[in-house]
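In what follows, residues are counted from 1 in the order of the sequence shown. The model shown is predicted, which means the values in this text are computed figures rather than measured ones.
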Amino acid sequence: MSSPELAAVRGTSVPVAVRYDDLGSTGHVDNVASMRIIEEARHTFLGHPVTPHAPGGLLDLVPSHIQHLVRRQDIEYRDELWYQAEPFLVDVWVSAVGTTSFRLGSAIRTSADAEPAVTAEAVIVLVDLETGKPWPIPCEIGGQFTGSVIPQ
């Protein structure tokens with residue numbers, strides 16, 4: 001997906017600083033660190049992952065007894081990421097909403113005009129902490145998920 005196509009589906013861009021521990025022995029950002037960078041941006045987009053939700057994320061739309069779990073993650077490494085003083089930009093957006101889950105897309109870029117170096121998609125399941133079962137996403141909330149832009 002090119003940058004113009006991504007611009008059409010972006011929910012928000014989250015700046016994430018590159019840490020020394022993110023670098024592998026060759027000096028580039030390690031593949032596991034790429035997943036941590038995406039996870040950090042996902043937490044900002046959704047809200048803090050522990051109950052109760054920290055305010056300011058997409059999950060403010062659901063009741064406080066509803067939690068999210070990552071069911072699946074796919075990642076594609078398109079280009080190497082190297083250390084840079086400026087934070088990476090991680091685009092995060094909801095790409096699809098199902099009955100009890102939604103797909104969350106993300107892309108790591110080195111700058112606002114750069115092509116994505118890493119893209120990923122996660123399937124997030126909403127779970128009712130009181131019953132331990134998947135929580136059906138009401139249509140009105142699912143519709144808001146796909147139109148969400150979380151302020152930075």
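The structure places CH2 of Trp135 at 12.5 Å from CD of Gln67, a figure rounded to the nearest 0.5 Å. A distance of 8.5 Å separates CE in Met35 from CD1 in Ile108, rounded to the nearest 0.5 Å. A distance of 8.5 Å separates CG in Leu126 from NE2 in His68, rounded to the nearest 0.5 Å. To the nearest 0.5 angstrom, Asp30 atom CG is 8.5 Å from Ser25 atom OG. Tyr83 OH to Leu23 CG: the interatomic distance, rounded to the nearest 0.5 Å, is 8.5 Å. Of the inter-residue distances, the one linking Asn31 atom CG with His28 atom NE2 reads 7.0 Å to the nearest 0.5 angstrom.
In this structure, Gly98 and Ile137 approach most closely via the heavy-atom pair O-CD1, 4.0 Å. For the pair Phe45 and Leu104, the tightest heavy-atom approach, listed with the atom from each and the gap, is CE2-CD1, 3.5 Å. Across all their heavy atoms, Leu81 and Ala117 have their closest contact at CD2-CB, 3.4 Å. The two atoms that bring Ser13 and Arg109 nearest to each other are OG-NH2, 3.3 Å, heavy atoms only. The two residues Pro136 and Pro134 come nearest to each other via the heavy atoms CD-O, 3.7 Å.
The shortest distance between side-chain heavy atoms of Asp91 and Thr12 does not fall below 4.5 Å. Side-chain contact check for Leu46 versus Val92: every heavy-atom pair is 4.5 Å or farther apart. Residues Pro15 and Phe88 form no side-chain contact, since every pair of their non-hydrogen atoms from C-beta on lies 4.5 Å or further apart. The closest side-chain heavy-atom distance from Val118 to Arg78 is not below 4.5 Å. Using a 4.5 Å heavy-atom cutoff, the side chains of Thr119 and Tyr77 are not in contact. With a 4.5 Å cut-off on side-chain heavy atoms, Glu39 and Gln73 do not count as touching. Residues Leu89 and Val14 form no side-chain contact, since every pair of their non-hydrogen atoms from C-beta on lies 4.5 Å or further apart.
In Arg19, the CZ atom is crowded: over 12 heavy atoms of neighbouring residues, nucleotides or ligands sit closer than 6.0 Å.
With hydrophobic clusters built from ILVMFWY side chains whose heavy atoms lie under 4.5 angstrom apart, Val97 shares a cluster with Val62. Residues Phe102 and Ile75 share a single hydrophobic cluster, defined by chaining ILVMFWY side chains whose heavy atoms lie under 4.5 Å apart. Under the 4.5 Å side-chain heavy-atom criterion for grouping Ile, Leu, Val, Met, Phe, Trp and Tyr, Leu59 is connected to Ile141 within one hydrophobic cluster. Val70 and Ile66 end up in the same hydrophobic cluster when Ile, Leu, Val, Met, Phe, Trp and Tyr side chains are linked at under 4.5 Å.
A side-chain donor-acceptor contact under 3.5 Å links Ser95 and Glu121.
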Full working for side chain to side chain contact (heavy atoms under 4.5 Å, CB included) between Ile124 and Leu69: CA-CA 6 Å; Ile124 309 293; Leu69 298 173; over 6 Å; no
Trp82/Val29 under side chain to side chain contact (heavy atoms under 4.5 Å, CB included): CA gap, chis, key distance, verdict: CA-CA 6 Å; Trp82 297 91; Val29 175; over 6 Å; no
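A donor-acceptor distance shorter than 3.5 angstrom exists from the side chain of Thr44 to the backbone of Glu40, with no hydrogens or angles considered.
Among Glu86, Glu115, Gln84, the one residue that satisfies the side chain to side chain contact (heavy atoms under 4.5 Å, CB included) test with Thr110 is Gln84.
Other members of a hydrophobic cluster containing Val123 are absent, since no ILVMFWY side chain comes under 4.5 Å of it, directly or through relayed contacts.
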